[in-house]
Colleague: 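Below you will find the structure I want to go over with you.
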2 protein chains.
Amino acid sequence: MADASSQLTDLRADARHNRERLLDAARELFAERGLDVPMAAVARRAGVGMATLYRRFPTRAALVTEVFTDQLTDCASVVDEALADPDAWRGFRTVVENVCAMHTQDRGFTMAFLSEFPDAYDFTREQERAERGLTALADRAQRAGALRADFHPSDLVLVLMANSGLAAPSQEAKEIASRRLVALLLRSFAATPEAADAPLPPPASVALHDLPGLGSMPELTAAGTTVSGRR
Amino acid sequence: MADASSQLTDLRADARHNRERLLDAARELFAERGLDVPMAAVARRAGVGMATLYRRFPTRAALVTEVFTDQLTDCASVVDEALADPDAWRGFRTVVENVCAMHTQDRGFTMAFLSEFPDAYDFTREQERAERGLTALADRAQRAGALRADFHPSDLVLVLMANSGLAAPSQEAKEIASRRLVALLLRSFAATPEAADAPLPPPASVALHDLPGLGSMPELTAAGTTVSGRR
DNA sequence: CGATAAACGGAGAGACCACTCCACTTGAGG
DNA sequence: CCTCAAGTGGAGTGGTCTCTCCGTTTATCG
């Protein structure tokens, strides 16, 4: 069972190097374009051939897992930090804000975080650890009278999923929207007036039009452009 | 400019019939599986050939537009109804609840609603009409002192996008989650204590695992099953 | 009922993607 | 420096999807 470590150290120097390049490339592309980027794009950005990518990461899930376990453990440590905060509400609030910010900044992370990976055991384990921590955090805030009694742990999942639904033409607009949404939801969770009446971050000023919506849906826009418009 | 109507009535009887079948099929499939269903699936469900589909709706956008303009006008009429309600807050609340419910029940509608269609002029017009109505509704609720002063019209778009991010293994779970999320957000918008302290619908009880997440992302699960697992 | 244009179905061209195979290259121990 | 297994790149295979072309069918009107 020392395979996990030996497999990596037994790798030849160039192979280990390429593996890093692949992970970097995947990290970038997942963040920018989500988990469904073509495998060839990852290989190309890493400057290696397809075979190298597939030899190192036999399935897409393997690559995704490898890329995001780091960030997932970061995520969990954010929770631990928050549990150390003497102010239960501030701890709770910061975690929600931070996790949502992470998800907004990295498109792929959201998708990975909200998914189940049948193969990725340690991924799932970290996921559960994060979940337990979050529940503990909520519990503490509730006992401190800062979090409403009708809050349910699953509401956190709701917040995460809601946050993942946000879309905007620019990354910046997306972050503004996320901050606002999170503040709105936190206000709804707050039990004390001072927390509930904290000022809101600026509105997102996104309209129904000028949304990327189907811009991220190739087929629809492609229908008009690919054939008739391209040439 | 009488083209729009004449084009339809000039259609041969069988063609008009097939056109209806295509719209019905598309409506069903868009609702179930989103806007990105294969065109062939639409044709097959309608019981017609590909050519018929493409002759009637040259682009996917044309089909989408045709399918959803009805529902969009329904949407707008919900707003008009709400404006007729003497209780400004109830009107506001009902609209948000209804629109979100519509979106949760129809996957495609959400995608269409949150998108811009460069070609679909009447679609855009209805979108703007709905937007104006919603703003008026919010204005009235604000003047009545039922809606917080820091509410901004764009927050409605936030609610819609947030709602669209919800995912769950079953349609029912999705609706429960949506109801809860909407209630949470409405609570955050409410200016009066009685509105803010209304009881919440039941929690969604979705965990981080057991989410469809990448289930709707073919590549990831397919990677493990298609080749090695299928046979 | 027969002529004819409108409408039809489905095969197929072209693009894209996941994943594999194999002839060539290169790092590392002797 | 030589050997050779480990490592590599990229062409190739099979599958899916969009959109078109064309030979056949059929509604409609005189």
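Quick note on labels: first sequence line is chain A, next is B, and so on, each numbered from 1.
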Colleague: Could I get the full list of side-chain contact (heavy atoms from CB on, under 4.5 Å) partners for B/R179, not counting sequence neighbours?
Modeller: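 For B/R179, the residues satisfying side-chain contact (heavy atoms from CB on, under 4.5 Å) (neighbours in sequence not counted) are B/E175, B/I176, B/P201.
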Colleague: Could you tell me whether the side chains of B/S164 and B/T110 share a donor-acceptor contact shorter than 3.5 Å?
Modeller: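 The answer is no; no qualifying pair exists.
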Colleague: Using whole Å, report how far CG of A/D36 lies from P of D/dT16.
Modeller: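 Value for this atom pair: 19 Å.
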Colleague: Grab the N/O contacts between the protein and nucleotides 26-30 of chain C below 3.5 Å, and write none if there aren't any.
Modeller:
residue	atom	partner	partner atom	Å
C/dG27	O4'	A/R12	NE	3.4
C/dA28	OP1	A/A13	N	3.4

Colleague: Examine distances only and state if a side-chain atom of B/D155 and a backbone atom of B/L158 form a donor-acceptor pair shorter than 3.5 Å.
Modeller: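 No; judged by distance alone, with no hydrogens or angles, the pair does not exist.
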Colleague: In residues 41-56 of chain A, which residues come under 4.0 Å of DNA chain D by heavy atom?
Modeller: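 The answer is A/G47, A/V48, A/G49, A/M50, A/A51, A/T52, A/R55, A/R56.
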Colleague: A/M39 has an atom CE; how far is it from atom P of C/dC16, in whole Å?
Modeller: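 Atom-to-atom, A/M39 to C/dC16, this comes out as 19 Å.
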Colleague: Where each residue is assigned the nucleotide of DNA chain D containing its nearest heavy atom, which of B/R16 and B/A40 is assigned the position nearer the 5′ end?
Modeller: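 Residue closer to the 5' terminus by nearest nucleotide: B/A40.
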Colleague: Any side-chain donor-acceptor pair under 3.5 Å between B/T52 and B/N18?
Modeller: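 Side chains of B/T52 and B/N18: no pair found under 3.5 Å.
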Colleague: Round to the nearest Å and state the distance from B/N18 atom CG to D/dT25 atom C1'.
Modeller: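 For the pair B/N18 CG and D/dT25 C1', the rounded distance is 13 Å.
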Colleague: Near DNA chain D, counting only heavy atoms under 4.0 Å, which residues of residues 19-27 of chain B show up?
Modeller: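 None - not one residue of the stretch has a heavy atom sitting under 4.0 Å from the strand.
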Colleague: Taking CG from B/D10 and P from D/dA27, how many angstroms apart are they, rounded to a whole number?
Modeller: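 Checked: the CG to P distance equals 18 Å.
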Colleague: Looking at B/R129 and B/D80, does any basic side-chain N land under 4.0 Å from a carboxylate oxygen?
Modeller: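 A salt bridge is present here (some side-chain N lies under 4.0 Å from a carboxylate O).
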Colleague: Give a yes or no on whether a salt bridge exists between B/E66 and B/R19, defined as a side-chain N under 4.0 angstrom from a carboxylate O.
Modeller: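 Judged by the 4.0 Å cut-off on N to carboxylate O distance, B/E66 and B/R19 do form a salt bridge.
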Colleague: Which pairs would a plain distance check flag for residues 25-33 of chain A, meaning a side-chain donor or acceptor within less than 3.5 Å of a matching protein atom at least two apart in sequence or in another chain?
Modeller:
residue	atom	partner	partner atom	Å
A/R27	NH2	A/D24	OD1	3.2
A/E28	OE1	A/R45	NH1	2.5
A/E32	OE1	A/R45	NH2	3.4

Colleague: Test your reading of the model: is there a side-chain donor-acceptor pair from B/T65 to the backbone of B/A61, 3.5 Å cut-off?
Modeller: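 Flag set: sc B/T65 to bb B/A61 pair under 3.5 Å.
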Colleague: In chain order, what residues pass the side-chain contact (heavy atoms from CB on, under 4.5 Å) check against A/P203, with sequence neighbours excluded?
Modeller: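 Expected list: A/R180, B/H152, B/S154.
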Colleague: Checking side-chain polar atoms at under 3.5 Å, does B/T104 have a donor or acceptor matched by the opposite partner on B/S178?
Modeller: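 On atom types as modelled, these side chains qualify, holding a pair under 3.5 Å.
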Colleague: If we ignore hydrogens and angles and just use 3.5 Å, is the side chain of B/T73 paired with the main-chain N or O of B/T69 as donor and acceptor?
Modeller: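 Checking the backbone N and O of B/T69 against the side chain of B/T73, a donor-acceptor pair under 3.5 Å is found.
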